Number of protein chains: 2
Amino acid sequence: MSNLTIEDIRSNLQKAGYKLTPQREATVSILLDRDDEHLSAEEIYILVKQKAPEIGLATVYRTLEILTDLHLTHKVVFEDGLSRYDLQKNRGHHFHHHLECVECGKIEEIEEDLLDEVEQEIEQRFGFLVQDHQLTFQGICKKCQQNRKE
Amino acid sequence: MSNLTIEDIRSNLQKAGYKLTPQREATVSILLDRDDEHLSAEEIYILVKQKAPEIGLATVYRTLEILTDLHLTHKVVFEDGLSRYDLQKNRGHHFHHHLECVECGKIEEIEEDLLDEVEQEIEQRFGFLVQDHQLTFQGICKKCQQNRKE
DNA sequence: ATACTTGCAAATGATTTGCACTTGC
DNA sequence: GCAAGTGCAAATCATTTGCAAGTAT
């Protein structure tokens, strides 16, 4: 699914004056592997530690901050107070949404941008120039609905 | 704009086995007064303290938690990591959205639900039963756009 | 050399909790 | 009267930061 490579990320970092250190590479490689999950910094840290045990949590945070600044990842604050990070697979006009199941806690991602029309309406009616958005739905996922019936 | 009264809130609390103490009343009255702002717990605390100086921040948090559990308020986590609370003016089918200006930080509220169609699409395509949602747009508000031109 | 990075530990900031005291019904 | 509620201070949890040491070019 992901068409981003480590090399893309290396060149983006270098363009901005950052190095792709082993720690950053390990962190990015977790994000590439798990690009359909929505990992918190802590979860990323635990996964990275398996490959590079000497890494510190602060480094993971710093890496994620840089990646987010460069728009290589996207940071979303969830209701539980944790921030989760997604690789920006489709750079540029990216936008995606989340389906958060209140029963099993799973977070599903939707790639399409369903809000084009809504954004146009906002700009016309409120004179507000939209740059980005976050949309999260809470509800019951398919699987949990089935479990309820059993 | 708000059609909720203290009495509505009192009866809701009592139905759920809670009392409307002076501290809770003071907190709710701030929310009623400022129902178009999006106040953080800290901001609410400061305002409440002016009328009831002996109140503690923990009580404000506990009150907001109860109100949110009873769906009398709605808690939204913003990008800055703070949670803000809105009174649920139109109980039941409530839904509203936020416009967050990245320049002046102001948070505007839109009452309409622009997502009816989007929700139907989600339910059909993903089998996900939507119960609630949060939608926040980041961008530049009208006023800041004008200031830029000057 | 020099500027960028790191790991660690300590600091921060929002929220939560334990507890002895108080209060509303 | 007594469970429910309070204020305070201490605890917690995610995240950030200071700093001395490490590293790449």
Side-chain angles (χ1 to χ4, degrees), chain A residues 9-28 30 38-70 73-85 105, chain B residues 6-7 9-30 38-70 72-85 105:
Chain A
I9 296 202
R10 183 197 307 277
S11 68
N12 270 284
L13 285 174
Q14 285 179 341
K15 214 175 300 168
Y18 298 110
K19 296 166 191 162
L20 183 60
T21 62
Q23 291 91 333
R24 288 176 185 166
E25 187 165 343
T27 304
V28 169
I30 294 296
H38 291 74
L39 302 170
S40 66
E42 189 80 36
E43 290 167 338
I44 294 167
Y45 171 63
I46 289 166
L47 291 167
V48 172
K49 236 178 158 20
Q50 294 172 6
K51 295 193 173 189
E54 75 296 348
I55 201 172
L57 180 54
T59 300
V60 172
Y61 273 105
R62 285 187 279 232
T63 300
L64 292 169
E65 192 187 7
I66 291 169
L67 293 173
T68 302
D69 284 351
L70 298 180
T73 49
H74 196 231
K75 174 182 173 181
V76 187
V77 187
F78 280 87
E79 291 288 282
D80 62 6
L82 289 188
S83 294
R84 286 157 221 267
Y85 299 82
Chain B
I6 285 276
E7 289 314 313
I9 296 198
R10 181 195 308 276
S11 68
N12 269 284
L13 285 174
Q14 285 178 341
K15 214 176 299 169
Y18 298 110
K19 296 165 191 165
L20 183 61
T21 62
Q23 291 91 332
R24 286 178 186 165
E25 188 166 342
T27 304
V28 169
S29 97
I30 293 296
H38 290 75
L39 301 170
S40 65
E42 189 82 35
E43 290 166 339
I44 293 167
Y45 171 62
I46 290 166
L47 291 167
V48 173
K49 236 178 156 26
Q50 296 172 5
K51 295 193 172 188
E54 75 296 347
I55 201 173
L57 180 55
T59 300
V60 172
Y61 273 105
R62 285 187 279 232
T63 300
L64 292 169
E65 192 187 6
I66 291 170
L67 294 173
T68 302
D69 284 351
L70 297 180
L72 293 165
T73 49
H74 197 230
K75 174 182 173 183
V76 187
V77 187
F78 281 87
E79 291 287 282
D80 62 7
L82 288 188
S83 295
R84 285 158 220 266
Y85 299 82

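Protein chains get the first letters and strands the later ones, always in sequence-line order, with residue 1 at the start of each. All values reported here derive from a predicted model rather than from experimental measurement.
Here CD of A:Gln50 is found 7.0 Å from CD1 of A:Ile30. Values are rounded to the nearest 0.5 Å. In this structure, CG in A:Leu20 is found 10.0 Å from OG in A:Ser11, a value given to the nearest 0.5 Å.
The closest side-chain heavy-atom distance from B:Tyr85 to B:His74 is not below 4.5 Å. In this structure the side chain of B:Ile9 never reaches within 4.5 angstrom of the side chain of B:Glu25, judged on heavy atoms. The side-chain heavy atoms of B:Leu13 and B:Lys19, taken from C-beta on, include no pair separated by under 4.5 Å.
Atom CD in A:Glu65 sits about 12 Å away from atom P in D:dT15, given to the nearest Å. B:Gln14 places its CD atom 19 Å from the P atom of D:dA3, with the value rounded to the nearest Å. In this structure, A:Leu20 atom CG and D:dT25 atom C1' are separated by 15 Å, rounded to whole Å. For the pair B:Leu82 CG and D:dT15 P, the interatomic distance rounds to 14 Å; values are reported in whole Å. When rounded to the nearest whole Å, the span between CD of B:Gln23 and P of D:dA4 equals 17 Å.
Among all heavy-atom pairs drawn from A:Val48 and A:Ala26, the shortest one is CG1-CB, 3.9 Å. A:Lys49 approaches A:Pro53 most closely through the heavy-atom pair NZ-O, 2.8 Å. A pairwise comparison of heavy atoms in A:Val77 and A:Ser83 identifies CG2-OG, 3.9 Å as the closest pair.
Contacts between residues 43-58 of chain A and DNA chain D, defined by a heavy-atom separation under 4.0 Å, are made by A:Leu57, A:Ala58.
Across all strands shown, B:Ser83 has heavy atoms under 4.0 Å from sugar-phosphate atoms exclusively, and none from any base.
The residue among A:Ala41 and A:Arg62 whose nearest nucleotide of DNA chain D lies closer to the 5′ end is A:Ala41. Place B:Pro22 and A:Arg24 on DNA chain C by their nearest nucleotides, and A:Arg24 ends up nearer the 5' end.
Between B:Thr21 and the phosphate of D:dT6, there is a side-chain N or O to OP1/OP2 separation shorter than 4.0 Å.
Salt bridge annotation for B:Glu7-B:Arg10: present, with a cationic side-chain nitrogen under 4.0 angstrom from a carboxylate oxygen.
With D:dG5, D:dT15, D:dT6 as the candidates, the nucleotide lying closest to the side chain of B:Lys19 is D:dG5.
Here chain A contacts DNA chain C (any atom closer than 4.0 Å to a heavy atom, that is under 4.0 Å), and the contacts span C:dC4 to C:dC8 from 5' to 3'.
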